[in-house]
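Quick one: the structure is below, questions incoming.
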Amino acid sequence: MSLWVALLALAVFAIAAYQAWSKVLVPVINTITKWTNNKWDDVVLAPSVLRAFGQLFPALIVHHYLAGIFTDNAESHTYIWVDKLTVVYIVWAVWFLVIRLLKQLYAQLVEDKKLAEHSTKGLLQMFQILLSGFTVIIAISVLIGRSPGAVLATLGASTAILMLVFKDSILGLVAGVQLSANKMLKKGDWIVVNSSGANGEVEDVSLTTVKVRNWDESITTIPPYKLVSESFQNYANMRDGGGRQVRRAIHIDLNSVRFLTPQEMEELVAEGFMEKPVPAAGSSDAVNIRLLRHYLERMILRNENVRDDMRMMVRQLQPTAQGLPVELFFFVKQTEWTSFEAVQSDIFDEVYAVVNRFGLRLYQLPTDASAVTR
């Protein structure tokens with residue numbers, strides 16, 4: 001009876017020590033850390049870390065005084081199993097403390113812009129898995145009274161099974177290192193993965209999945225190793241560079257391509273669609289499609305939303321059964337999707353409206369010129 005009373009008293013003492021630590025000392029330590037200018041003490045001595053340490057502290061007290069309680073029963077099964085369970089609890093408390101500390105450090109490190117460019121979450125998760133496995137091996141070795149090496153040797157026979165179980169985790173770790181080292185992907189990037197139907201922003205990069213929020217607000221999850229083994233498109237450089245490409249063609253009816261008369265060219269000059277001097281009638285500079293291309297180049301460069309320091313051109317493509325494609329290629333300053341579409345639409349509104357002023361027609365069915373309203 002006295003043995004159980006002593007154990008009960010030791011348990012009450014351990015619980016009281018934990019309550020005193022969490023209710024009294026933790027708030028005092030937090031108050032002190034808030035007074036300091038160093039941010040790292042707020043991380044290392046965060047409330048969650050201190051409470052995790054508080055769970056370890058009573059276990060160490062119990063383990064220290066347990067042998068004194070069982071002085072006369074050191075060989076009893078009760079002492080052996082109570083001692084083993086106490087050691088297992090200590091191992092678990094150490095694991096819990098390290099995990100909490102790692103999470104606090106990770107939360108602080110991801111705020112660093114340099115580390116934000118790397119996918120470090122997968123590395124953290126892999127380290128947690130390794131630490132958890134090591135903790136389980138130690139706990140098993142304590143319970144069965146064997147060394148951790150012997151437990152590992154026993155598990156060695158099941159290596160193939162373990163490799164199969166943790167296949168995605170292992171592949172995810174290797175892929176995560178490649179994605180991070182090559183700066184291929186990070187949270188917030190806009191990516192397109194055609195094979196997976198993903199088109200949106202990366203919300204999370206973990207050990208086993210890359211979570212993408214598509215523009216239709218659906219979520220697509222992709223294994224990291226799939227992004228390494230297959231190709232995907234990342235628009236991060238476009239956003240960072242501040243220029244988004246516009247590449248669109250209008251189709252001109254070939255039957256409307258001709259030389260302009262001097263009177264038509266004078267009208268274009270008067271209306272600001274053409275610069276002086278007026279070319280001679282019948283010269284190559286009087287061809288309406290050429291004058292249109294020159295005007296479109298000036299129009300694009302005048303637009304304040306167009307990047308004049310990046311590539312810009314208006315060119316003809318190979319004629320097709322749908323007419324002569326005239327492609328406009330330039331970059332606009334707006335990279336956000338909605339703003340980009342608005343700027344692009346405004347520019348092409350003017351393009352479509354000005355084509356007829358050069359005596360040209362946009363191709364559309366029916367192709368009979370008499371059916372097209374001038």
Side-chain angles (χ1 to χ4, degrees), residues 192 194 233 235 237-238 241-374:
V192 177
N194 293 323
Q233 194 169 8
Y235 287 92
N237 189 61
M238 176 268 293
R244 186 166 178 180
Q245 180 193 90
V246 175
R247 187 175 184 178
R248 183 189 291 185
I250 59 174
H251 291 261
I252 303 296
D253 187 350
L254 280 169
N255 294 320
S256 65
V257 177
R258 61 181 175 84
F259 291 99
L260 295 179
T261 65
Q263 181 181 356
E264 289 175 322
M265 289 186 285
E266 289 289 351
E267 292 177 355
L268 289 175
V269 171
E271 295 175 5
F273 293 111
M274 180 177 160
E275 296 179 340
K276 291 184 177 181
V278 177
S283 68
S284 60
D285 291 333
V287 178
N288 55 1
I289 189 68
R290 175 179 291 187
L291 294 174
L292 174 65
R293 287 192 293 106
H294 292 169
Y295 171 76
L296 293 179
E297 289 175 354
R298 297 193 302 272
M299 181 199 75
I300 292 172
L301 291 175
R302 284 199 309 267
N303 194 302
E304 62 180 7
N305 295 307
V306 174
R307 291 286 300 267
D308 56 4
D309 58 337
M310 303 181 77
R311 190 182 303 276
M312 188 281 295
M313 60 180 171
V314 179
R315 62 172 184 162
Q316 292 184 21
L317 302 180
Q318 182 73 21
T320 67
Q322 286 75 41
L324 175 65
V326 176
E327 184 181 73
L328 283 70
F329 184 97
F330 56 94
F331 291 83
V332 298
K333 299 175 183 177
Q334 285 73 13
T335 58
E336 193 273 327
W337 192 7
T338 304
S339 302
F340 166 77
E341 292 293 346
V343 171
Q344 180 180 228
S345 298
D346 290 343
I347 292 175
F348 276 89
D349 288 344
E350 185 175 352
V351 171
Y352 297 139
V354 80
V355 169
N356 288 339
R357 296 298 299 120
F358 288 84
L360 293 164
R361 293 189 300 271
L362 292 173
Y363 175 87
Q364 65 179 31
L365 292 175
T367 57
D368 184 6
S370 63
V372 179
T373 302
R374 293 178 180 269

- Item | Closest approach of Pro319 to Leu324 (non-hydrogen atoms, all atoms of both residues) | CG-CD1, 3.9 Å

- Side chains of Val257 and Asn288: does their closest heavy-atom pair fall under 4.5 Å? yes

- Minimum-distance pair of heavy atoms, taken over all atoms of Met312 and Phe330: CG-CB, 3.6 Å

- Flag if over 12 foreign heavy atoms under 6.0 Å of CD, Glu336: yes

- Query: Are any non-hydrogen side-chain atoms of Arg244 and Gln334 less than 4.5 angstrom apart?
  - Reply: no

- Item | Residues Val306, Val343; criterion side-chain contact (heavy atoms from CB on, under 4.5 Å); working and verdict | CA-CA 9 Å; Val306 174; Val343 171; 5.8 Å; no

- Message: If I compare all heavy atoms of Gly359 with all of Arg258, which pair ends up nearest, and what's the gap?
- Response: CA-NH2, 4.0 Å

- Message: Rounded at 0.5 Å granularity, tell me how far CG in Leu360 sits from CG in Leu292.
- Response: 6.0 Å

- Task: Drop me the distance from Leu260's CG to Asp285's CG, to the nearest 0.5 angstrom.
- Result: 11.5 Å

- Query: Is there a side-chain contact between Glu264 and Phe259, using heavy atoms and a 4.5 Å cut-off?
  - Reply: no

- Quick one: CG on Asn194 to CD on Gln233, what's the gap to the nearest 0.5 Å? 7.5 Å

- Item | Heavy-atom pair of closest approach, residues Arg307 and Gly243 | NH1-N, 3.8 Å

- Message: How about CG on Asn237, more than 12 heavy atoms from neighbouring residues, nucleotides or ligands closer than 6.0 Å, or not?
- Response: no

- Go through the steps to decide whether Phe329 and Gln245 satisfy the test side-chain contact (heavy atoms from CB on, under 4.5 Å), and finish with yes or no. CA-CA 7 Å; Phe329 184 97; Gln245 180 193 90; 3.3 Å; yes

- Message: Once rounded to the nearest 0.5 Å, what's the spacing between atom CZ of Phe358 and atom CG of Leu296?
- Response: 7.0 Å

- Gln263 atom CD: more than 12 heavy-atom contacts under 6.0 Å: no

- Message: Working to the nearest 0.5 angstrom, can you tell me the gap between Leu254 CG and Gln322 CD?
- Response: 11.0 Å

- Query: Looking at side-chain heavy atoms only, is the closest gap between Val269 and Met274 below 4.5 Å?
  - Reply: yes

- Can you tell me if CZ on Arg302 sees more than 12 non-hydrogen neighbours from other groups inside 6.0 Å? yes

- CZ-CZ distance between Arg247 and Phe331, expressed to the nearest 0.5 angstrom: 9.5 Å

- Message: Set out, in order, the CA-CA distance, both residues' side-chain angles and the distance that settles side-chain contact (heavy atoms from CB on, under 4.5 Å) for Ile347 and Val246, then state yes or no.
- Response: CA-CA 10 Å; Ile347 292 175; Val246 175; over 6 Å; no

- Minimum side-chain heavy-atom gap Leu362-Asp253 below 4.5 Å: no

- Query: Any side-chain heavy-atom pair from Phe348 and Ile250 closer than 4.5 angstrom?
  - Reply: yes

- Do any N or O atoms from the side chain of Arg298 and from the backbone of Phe273 form a donor-acceptor pair under 3.5 angstrom? yes

- Note on the structure: In short, Asn303 meets Asn305 closest at the heavy-atom pair OD1-N, 2.8 Å

- Task: List the atom of Arg361, the atom of Asn356, and the distance in Å for their closest heavy-atom pair.
- Result: CA-OD1, 4.2 Å

- Task: Before giving the answer on side-chain contact (heavy atoms from CB on, under 4.5 Å), spell out for Gln316 and Arg293 the whole-Å C-alpha distance, their side-chain angles and the decisive distance to 0.1 Å.
- Result: CA-CA 9 Å; Gln316 292 184 21; Arg293 287 192 293 106; 3.7 Å; yes

